[in-house]
Amino acid sequence: MEPMDIVGKSKEDASLPKATMTKIIKEMLPPDVRVARDAQDLLIECCVEFINLISSESNEVCNREDKRTIAPEHVLKALEVLGFGKYIEEVYAAYEQHKIETLQDSLKGGKWSNGAEMTEEEAVAEQQRMFAEARARMNGGAVAPKQPDPDPSLES
């Protein structure tokens, strides 16, 4: 049974973004080396198969431990079982770096935050401005960004 058949999807359903993979491939090679499109496609397929292999073995490790969620230690054990033990230290270091970066992002307020908090009124005004701009684009016209209405409680 194919690993992807387990979850009810065909191999064609599982892929990696070609543009991203092509960028990674090119970054790993000297600038004067070119890679044929067929070779790029083959490398991408190899990556997909590798992920399927590691995922499947990680799942088996997880099941042997009577767990329901695959944890990082299951993936590391799968690498060892499959004969990729010499990469465990490097993979673990990358995982630790990822945890640090994720923690830093969450402390900054997420990837969409600029670090400054908005009041609810400012957020509503910004949302309305963005809606107006989107509406103008949809209607084919350009509308100047709407300024927030003055607070009626401030008028005498």
Side-chain angles (χ1 to χ4, degrees), residues 1-118 120 122-124 126-142 145:
M1 178 185 300
E2 293 289 320
M4 289 308 293
D5 291 339
I6 294 170
V7 293
K9 294 187 178 185
S10 68
K11 279 188 172 185
E12 291 77 30
D13 290 340
S15 187
L16 295 169
K18 278 194 175 192
T20 302
M21 293 302 296
T22 300
K23 181 180 175 194
I24 292 170
I25 292 167
K26 288 181 179 179
E27 287 176 356
M28 298 304 297
L29 299 172
D32 61 328
V33 174
R34 293 174 34 113
V35 181
R37 185 158 318 270
D38 288 348
Q40 288 178 11
D41 291 344
L42 181 59
L43 284 168
I44 292 169
E45 284 300 315
C46 288
C47 291
V48 169
E49 286 301 317
F50 181 75
I51 292 169
N52 287 335
L53 178 68
I54 298 298
S55 299
S56 179
E57 185 61 35
S58 298
N59 186 49
E60 289 181 25
V61 170
C62 182
N63 287 336
R64 282 193 294 269
E65 294 180 8
D66 292 325
K67 303 287 183 177
R68 294 184 48 150
T69 302
I70 297 172
E73 52 271 10
H74 298 136
V75 176
L76 296 173
K77 180 67 175 171
L79 286 170
E80 183 181 319
V81 168
L82 293 169
F84 296 104
K86 68 181 185 179
Y87 298 103
I88 290 176
E89 190 174 314
E90 189 175 344
V91 169
Y92 188 76
Y95 168 64
E96 287 296 317
Q97 182 63 35
H98 170 74
K99 282 192 338 187
I100 290 168
E101 289 171 5
T102 302
L103 180 61
Q104 289 170 345
D105 285 348
S106 67
L107 292 175
K108 290 180 189 174
K111 67 179 182 179
W112 301 111
S113 174
N114 63 4
E117 290 291 321
M118 262 194 238
E120 185 175 346
E122 291 170 330
V124 169
E126 178 67 11
Q127 182 183 40
Q128 293 303 320
R129 183 191 64 76
M130 291 166 56
F131 282 151
E133 286 178 4
R135 209 173 292 113
R137 283 194 305 272
M138 291 282 295
N139 295 331

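Source: prediction; values computed, not measured.
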Measuring from atom [atom1] of [X] to atom [atom2] of [Y], what distance do you get when rounded to the nearest 0.5 angstrom?
| X | Y | atom1 | atom2 | result |
| --- | --- | --- | --- | --- |
| T69 | N59 | OG1 | CG | 10.5 Å |
| M130 | R135 | CE | CZ | 12.5 Å |
| E57 | L53 | CD | CG | 7.5 Å |
| I51 | S56 | CD1 | OG | 13.5 Å |
| D41 | I44 | CG | CD1 | 5.5 Å |
| T102 | Q104 | OG1 | CD | 9.0 Å |

Just do the salt bridge (charged side-chain N to carboxylate O under 4.0 Å, His left out) check on E45 and K18 with the steps written out, would you? CA-CA 10 Å; E45 284 300 315; K18 278 194 175 192; over 6 Å; no
Grab the two heavy atoms, one from [X] and one from [Y], that are nearest each other, plus how far apart they are.
| X | Y | answer |
| --- | --- | --- |
| T22 | Q40 | OG1-OE1, 3.4 Å |
| S58 | I70 | CB-CG2, 3.8 Å |
| A78 | I54 | CB-O, 4.0 Å |
| L76 | I88 | O-CD1, 3.5 Å |

Does [X] reach the side chain of [Y], with side-chain heavy atoms less than 4.5 Å apart?
| X | Y | answer |
| --- | --- | --- |
| T20 | L16 | no |
| K99 | Y95 | yes |
| H74 | E65 | yes |
| V81 | E60 | no |
| Y87 | Y92 | no |

[X] atom [atom1]: more than 12 heavy-atom contacts under 6.0 Å:
| X | atom1 | result |
| --- | --- | --- |
| E27 | CD | yes |
| E101 | CD | yes |
| R68 | CZ | no |

From the list I25, D38, V48, side-chain contact (heavy atoms from CB on, under 4.5 Å) with L43 holds only for I25
Test salt bridge (charged side-chain N to carboxylate O under 4.0 Å, His left out) on K77 and E73; report intermediate values, then the result. CA-CA 6 Å; K77 180 67 175 171; E73 52 271 10; over 6 Å; no
